[in-house]
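Remarks on the structure that follows.
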Amino acid sequence: MATVTTPRSRHAARLRARRRRAQQRARWVALAVVLGTVAVGTLALTAFGDSGTSSAPRVASVSPPPVNSAPPETQVLATVGNLRLQSPIAQGGLTAIGFHDSEDALVLQPVGPQANEGLLARLWHRITGSSRRGRQWYQLESGSLRTLDAGAVAGTDVYSPVDGTVVGIRDQVVSGRVVGAEIELRPTAAPSLVVTLANVRPDRALTVGANVASGSSKLGRVADVARYQRQALARYGADRGNNVSIRVYPSASLDVR
């Protein structure tokens, strides 16, 4: 016997079909929300799961002894154009790396990943696969990255970060005291620039006009500048943030000939 359809039964069937489609859409939306939440949570945990976190590492209350064992291995910390700035700290003595702003110096390009980078930036690097390799560094304040602070315990040996010539050795005065010196180098790879190193107690044998080689020519030792002036790197490095501070200037701005 054939089923007789009426306008009322057809309307009821359409209502049931609409309800089924609405329930299916609701289930798909709920599934998408759950999957999205899991994906974001996974990315966030991945971003925070490595050593590049935004929180400061725990700094030992007792500083290790200075390192005077061997010259540093080749490790580029930053670049300016074609000029590469290598680590000036004796091998095994580098405690932390920080970058911050300063007046008139050229902008530096760090080589390694930023350890205290924001969450969104880290997520973007994870998604795009554009994460950098190398020694991690910290941005110590807002602004351009014009100063490189290479952390080390006071008394640690300091070596030239570039091949070049010593063009200046000037007393460094902090709180009315002479605390080491600022050493100026003219790099062979970029003779129109001057690389300055501050917070250094220069060797007595070091003289203006001397030729230096990156990673092998000893310039002096790290000065205890943190004894007289608070260092921004103290949050991340040992020995109250003592460091060798490196800047790069056009030679004309320093009146170096």
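When reading the values below, keep in mind they use all heavy atoms of this one structure, side chains included, and skip hydrogens, waters and symmetry mates. For this chain, numbers begin at 1 and follow the sequence in order.
For the salt bridge (Lys or Arg N to Asp or Glu O under 4.0 Å) test, no residue two or more places apart in sequence or in another chain qualifies with D203. Residues satisfying the salt bridge (Lys or Arg N to Asp or Glu O under 4.0 Å) criterion with R146, sequence neighbours excluded, are D101. Legend: residues meeting side-chain contact (heavy atoms from CB on, under 4.5 Å) with Q139, ordered by chain and number and at least two apart, are Q114, N116, W137, L145. Partners of T165 under the side-chain hydrogen bond (donor to acceptor under 3.5 Å, both in side chains) rule, at least two apart in sequence or in another chain, are N211. Listed by chain and residue number, nothing satisfies the side-chain hydrogen bond (donor to acceptor under 3.5 Å, both in side chains) test with E182 (two or more places apart in sequence, or in another chain).
Residues R84 and L77 fail the side-chain proximity criterion, which asks for heavy atoms closer than 4.5 Å. A 4.5 Å side-chain heavy-atom check between P187 and L83 finds at least one atom pair inside the cut-off. Counting heavy atoms from C-beta outward, S245 and L197 have side chains that stay 4.5 Å or more apart. Side-chain contact between P202 and L219 is absent, with no heavy atoms from C-beta onward closer than 4.5 Å. When side chains are defined from C-beta on, V153 does not count as touching V222, because their heavy atoms never get closer than 4.5 Å. With a 4.5 Å cut-off on side-chain heavy atoms, F99 and T147 do not count as touching. I97 has its side chain out of reach of D149: every pair of non-hydrogen atoms, C-beta onward, lies at least 4.5 Å apart. Using a 4.5 Å heavy-atom cutoff, the side chains of D163 and V212 are not in contact.
Distance check: R227 CZ to R177 CZ gives 7.0 Å after rounding to the nearest 0.5 Å. Atom CD1 of I169 sits about 6.5 Å away from atom OG1 of T207, to the nearest 0.5 Å. Taken from CG in L193 to OH in Y249, the straight-line distance is 12.5 Å, to the nearest 0.5 Å. Between the CD atom of E141 and the OG atom of S102 there is a distance of 8.5 Å, given to the nearest 0.5 Å. Here the CG-CD distance, from L94 to E73, works out to 12.0 Å after rounding to the nearest 0.5 Å.
No donor-acceptor pair closer than 3.5 Å links the side chain of T79 to the backbone N or O of G81. Distance alone, capped at 3.5 Å, places no donor-acceptor pair between the Q109 side chain and the V107 backbone. For the pair T95 (side chain) and G151 (backbone), a donor-acceptor distance under 3.5 Å is present. A distance-only check finds a donor-acceptor pair linking the side chain of S251 to the backbone of S192 [under 3.5 Å]. A donor-acceptor contact shorter than 3.5 Å is absent between the side chain of R186 and the backbone of V194.
A salt bridge links R240 to D224: at least one charged side-chain nitrogen sits closer than 4.0 Å to a carboxylate oxygen.
Nearest heavy-atom pair, A190 versus N82, reported as atom, atom and distance to 0.1 Å: CB-OD1, 4.5 Å. What you find for D239 and A152 is that their closest heavy atoms are OD2-O, 4.4 Å. Nearest heavy-atom pair across G215 and P72 is O-CD, 3.7 Å. In plain terms, the two heavy atoms of Q231 and G241 that are nearest each other are CB-O, 3.5 Å.
Under a hydrophobic clustering in which Ile, Leu, Val, Met, Phe, Trp and Tyr are joined whenever their side-chain heavy atoms come within less than 4.5 Å, directly or via other members, V80 and I246 fall into the same cluster. Linking ILVMFWY residues whenever their side-chain heavy atoms come closer than 4.5 Å, directly or via other members, leaves L233 and V67 in distinct clusters. By the rule that hydrophobic residues join a cluster once side-chain heavy atoms approach within less than 4.5 Å of another member, V248 and V200 end up as members of one cluster. Hydrophobic clustering of Ile, Leu, Val, Met, Phe, Trp and Tyr side chains at less than 4.5 Å, counting indirect connections, unites V158 with V166.
No option in V195, V76, V111 other than V195 meets the side-chain contact (heavy atoms from CB on, under 4.5 Å) test with L85.
Side chains of N199 and Q172: a donor-acceptor N/O pair is present below 3.5 angstrom, by distance only.
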Practice item. Show your working on side chain to side chain contact (heavy atoms under 4.5 Å, CB included) between S160 and V162 and close with a plain yes or no. Key: CA-CA 6 Å; S160 177; V162 296; 4.2 Å; yes
Exercise for review: Test side chain to side chain contact (heavy atoms under 4.5 Å, CB included) on L185 and V167 and set out the steps.
Suggested key: CA-CA 6 Å; L185 308 175; V167 294; 5.9 Å; no
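If you chain together ILVMFWY residues whose side-chain heavy atoms come under 4.5 Å of each other, V179 ends up grouped with V174, V225, Y228.
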